[in-house]
Structures are given as structure tokens and as C-alpha cells.
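Inspection log for the structure reproduced underneath, given as C-alpha cells.
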Protein chains: 2
Amino acid sequence: MGARDLAAFAALFADESRATMLLALLDGRAWTAGELARHARVAPSTATGHLGRLVAGGVLTEERQGRHRYVRLAGPAVAQLVEELAGLAGPGPDEAPRSLAAASAGRAMARGRTCYDHLAGRLGITVTDALTTRGLLRQDTGFALTDRGLEWFADLGIALVPKGRRPLARGCLDWTERRPHLAGRAGAALCAHALEAGWCVRIGSGRAVKVTPAGETALRHVLGIEADALR
Amino acid sequence: MGARDLAAFAALFADESRATMLLALLDGRAWTAGELARHARVAPSTATGHLGRLVAGGVLTEERQGRHRYVRLAGPAVAQLVEELAGLAGPGPDEAPRSLAAASAGRAMARGRTCYDHLAGRLGITVTDALTTRGLLRQDTGFALTDRGLEWFADLGIALVPKGRRPLARGCLDWTERRPHLAGRAGAALCAHALEAGWCVRIGSGRAVKVTPAGETALRHVLGIEADALR
DNA sequence: CGCACCTTTCGGCACGGCCCGAAACGTCGG
DNA sequence: CCGACGTTTCGGGCCGTGCCGAAAGGTGCG
């Protein structure tokens, strides 16, 4: 009877405080227990309990450094699950954005953000579409890079060697655009490259990113993306 | 703040009785409220409450026929989520099978079963591997059918027309084999064909299936699968 | 029409969880 | 060595929710 295990595992996500923490951790970085407690607006002692359960359940991994307790998502599979839950949770009645500040933050997130370790939002969709129309990515029969796509990554200095069980390319449902964007090893490598090469930078401390002028030039050059498409 | 929605949605899966029902519904068929109540070993009144919540949350769809209330999973996305939860729930310490009967049922399920609407277990893995080694399915750069793969389906009398948002091919993590098997529209079409053509039949009322002698012949003929590989 | 059968509504009970504050523990820096 | 800070443990209060039984709708069949 795996039902008991399934229920216990799902219960880890079935609390608003833990969900707030997990959504924050979707940026792929390690947070301290105190940061997560303040972010979720609960007492430190409460956060300790939550983090303990999430670590025990295999959702998070922890790393102790001195008096700090750093936690991060346990891996891509967990990140994918959180994204899927977030994507399926909404689709009921259309909801109006809460406040003006939330709407503004929402627009920045909708323009571009990281989704664990790859690009999402309008930016992620635009890049994925450009890869597809240029014959570097196939979406008609599944979701996979073409041989020309492998060359394109190699030209960027990114060697995509199969390692571990993570697929090279995978479609990740974008819940602001309602369409899939590139995830998997290729999506992670491309996002890392974009951040390192200065194509885009993080806004504040959240998951939102914005494309730099240099990034606009580079995207037009390597993928034929016009700056207008990113606004 | 989508955290509240995420938590409320996850809570739908965070109960053993509901999880038992959802796992049963993974066979893709419609069940009546009474059947699910008996299967989960709860009173009919309790089942009514659970089903009401699952339907309201968009996890199930219902269809009333006379004095019966038929429910089924709301769609492939929900099925995928349940499978993912089930797959990630276990991987802690290795667990020994409970009883002999459970072990026997487990072996039948491990040999072959349906996973919502496609084939899983050793049967699903074997078919997926055969498709891959024959160049009909690519897994190295993602998970997609090749052009030759499309022809192979057409030769079987299966026209794979893109319709809706469901991808043609998708990898679904098999939690008995720990490897992906073919899901998506192609996986569903192949499973339906296998059942219609008598390649395999359902065992009892569950999700387990077994390959018929005619099925062994057919699989050897169209995919070069030897019967030994299915045992 | 009346009797099964499936399903639903309603009260009431019990268990488990989430939360906090106070106090203790451990680490870092002066 | 002492104070500041991050984290943890413990106890207690509170709310949500799962469960059932009894009774009431509805539906179909004889």
C-alpha cells in the first residue's frame, strides 16, 4: 500500500508556510533557516520544525556551516514537482491580481525569471520558440534537441555531455504563459551561460531576471530574437 | 501569493483515503463512488466528502448517470502528477514487501500494468527500449519520436495527429524500473492498440496486464522483442 | 406502488497539525 | 570571556479535518 507514503509525502507540500518556503527555494539557491522564517512570516522555532520535516522527507538537503543551516531543494525532480503543483493549483476561476505592488512584481516575473535552474516567463518562452523555429529543438514529436541544436550549444562553448539520469531537454510548463519552455540539462546550461555572460541579471533577491543591453544584442545574434519580443 | 493555492491543492493528495482512490483511478477508467468507498475501506458518506473535494479542486471530473456517480481523473496532467508523487514518495530507505499476497500482486504489476492510459512496468520499459534501439524513439537529446517512428505508428494503423496541448511523446518515470517509459499521445495510442488487438489483457479488475501468446508473436514481429524479455 | 440500492446531509467525536513564547544550546566576534 | 546572533527544544493552546452512524433524497426495477 503505497497510498500511505504518497499521502505523507504530499502532506509536506500541503501547508502554506512550507509552500512559501518551497516557492522561494525554486530560485535554486541555498537559504538559511532564518531567511526562510522571515520570508514565510513565522517564528524561527516554527521554521525549524518545517525544515526538519522537509529534509526528512527528502524534499530538501541541508548543509551546516557554523551557526547557520543552509537548505536547498533536493534536486531537479523536486523542483519539477513544485512547479507542476504550482501550475495545476491555479487553473480554477481566473483571479485578479491582489495589489498594485504584487501586480508590478508579477509583471517582472512574467517577463523573465528563473525556474529552479533554467529560464522561464516570456524570456524562457521566447528563447524556446526561437530554438524551435530555427530547427534546433523539436516539439512536434516530443521535446528534444536536434543534432543541429547540439552543434549550436557547442558553438556557444557548452558541451552537453549526458551525465546522470537527467534528460538533456525537457518541457517545463510555464504557468504564466501556459506553454512549455526548455528545461533539463540544456536549459540549465543555457541559463547558467546567460547569467555568466551577462545576457541577463537577477532583479533584487528574487527569481526575476531582466535582459541587459548586451543580452539583447547577443540574443539577436545567436537566435534572431528582436528586443521587442521580450517586452 | 500562490502559496496558499499550492498548499490547498497539495492537501487534496495528503490523505491516505484520497490517495488510495487516486491510485485506483490511475487505471484511467471511471469508478462509482461506492466502488471507491469499498476500495479505500471507508464509509460511503466519507467517500462522498472526499470525492466532492477532489472534484471541486479539479483533480477529478464527475458524470452522473441515474443513481450512480462516476468519477475519473481530470486529465493526463493530473495522472502525471499522481505518478510523480508516487515515484518520489518511496525513495527513502528501501522497504521490504509487506505480505506474500502483496508481493505476488507486486510482481504482476512489475511485469506489466497500465499507467493511466499507457503501458508501464517491465512491459512498458521493454517496448520503450525496443523503440529506441530501432531508431524510432530518441532519448539521448530529450524524448521524442523520430520520423521513422511516425511511419512505424502509421504502419500499425495509428495516425498520430497533433491535437490539443498534449505532447506526442513524453517520458514517464517508471517507479518499479526507475527508468522512463513512453507516455503522451503515442504511448496512449500504443496501449489502446495493444488492448484492442489482443496483444495484452487486463488481469482482474486492477491495473495489471499480461501479454497474450498472440501478443508475444506480434511484439516479436513489429519490435523484435523476445518473449524472455517480458518475464 | 413499493422495495432495493446508491448517494448525500448532518451532528458529534477524536486525532493530529500548526503556531507561538520562553529558555537552552552552539558559534562567532570583540 | 562575554555578549550578540542563529538555531533548537519543549510545553501548551487552538483550529482544521477525517471518521462514523443515522436518516433522508433520488433512482430503477419488479
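Note that these values count all heavy atoms, side chains included, but never hydrogens, waters or copies made by symmetry.
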Legend entry - D/dG18 base / B/Ser17 side chain donor-acceptor hit below 3.5 Å: no
Legend entry - Between P of C/dC6 and CD of B/Glu63, the distance in whole Å: 19 Å
Legend entry - Rounded distance (Å) that lies between atom C1' of C/dC18 and atom CD of A/Glu16: 12 Å
Legend entry - B/S/- contact track for nucleotides 24-30 of chain C, protein heavy atom under 4.0 Å: --BBS--
Inset, instruction - Quick one: closest heavy-atom pair of A/His181 and A/Thr128, and the distance? - result: CA-OG1, 3.4 Å
Legend entry - Passing candidate, salt bridge (Lys or Arg N to Asp or Glu O under 4.0 Å) with B/Asp117, options B/Arg72, B/Arg29, B/Arg166: B/Arg166
Legend entry - Side-chain (B/Thr212) to main-chain (B/Trp199) donor-acceptor, under 3.5 angstrom: yes
Inset, instruction - Report the C-alpha distance between A/Asp174 and A/Arg113 in whole Å, list the side-chain angles of each, state the deciding distance to 0.1 Å, and finish with yes or no for salt bridge (Lys or Arg N to Asp or Glu O under 4.0 Å). - result: CA-CA 11 Å; A/Asp174 195 303; A/Arg113 66 177 182 275; 3.2 Å; yes
Inset, instruction - Rounded off to whole Å, could you give me the CG-to-P distance for the A/Leu36 and D/dT8 pair? - result: 12 Å
Legend entry - Per A/Ala33 side chain, nearest of listed nucleotides C/dC19, D/dT7, D/dC10: D/dT7
Inset, instruction - Could you check A/Asp27 against A/Arg202 for salt bridge (Lys or Arg N to Asp or Glu O under 4.0 Å), going step by step and ending with a plain yes or no? - result: CA-CA 10 Å; A/Asp27 69 356; A/Arg202 290 188 186 276; 5.5 Å; no
Legend entry - Nearest-nucleotide pick for A/Arg64, side chain only, options being C/dT8, D/dT9, D/dT7: D/dT7
Inset, instruction - Quickly work out the B/Arg4 CZ to C/dC18 P distance and round it to whole Å. - result: 15 Å
Inset, instruction - Using atom CZ of A/Arg41 as one end and atom C1' of C/dC20 as the other, report the distance to the nearest whole Å. - result: 17 Å
Legend entry - Euclidean distance, atom NE2 of residue B/His50 to atom C1' of D/dG18 [Å, nearest integer]: 6 Å
Legend entry - Check: B/Arg207 side chain, B/Thr114 main-chain N or O, donor-acceptor pair, under 3.5 Å: yes
Inset, instruction - Check whether the side chain of A/Thr32 and the base of D/dG6 form a donor-acceptor pair under 3.5 Å. - result: no
Legend entry - Any A/Thr46 side-chain nitrogen or oxygen under 4.0 Å from OP1 or OP2 of C/dC20: yes
Inset, instruction - Report the distance from atom CZ of B/Arg53 to atom P of D/dG16, rounded to the nearest whole Å. - result: 12 Å
Inset, instruction - Over all heavy atoms of both residues, which pair between B/Pro180 and B/Phe143 is shortest? Give the atoms and the distance, please. - result: CB-CE1, 4.2 Å
Legend entry - Spacing between A/Arg18 atom CZ and C/dC19 atom C1', to the nearest angstrom: 12 Å
Legend entry - Any B/Arg69 side-chain nitrogen or oxygen under 4.0 Å from OP1 or OP2 of C/dC6: no
Inset, instruction - Quick one: label B/Arg38 by what it contacts on the DNA or RNA (base, sugar-phosphate, nothing), any heavy atom closer than 4.0 Å. - result: nothing
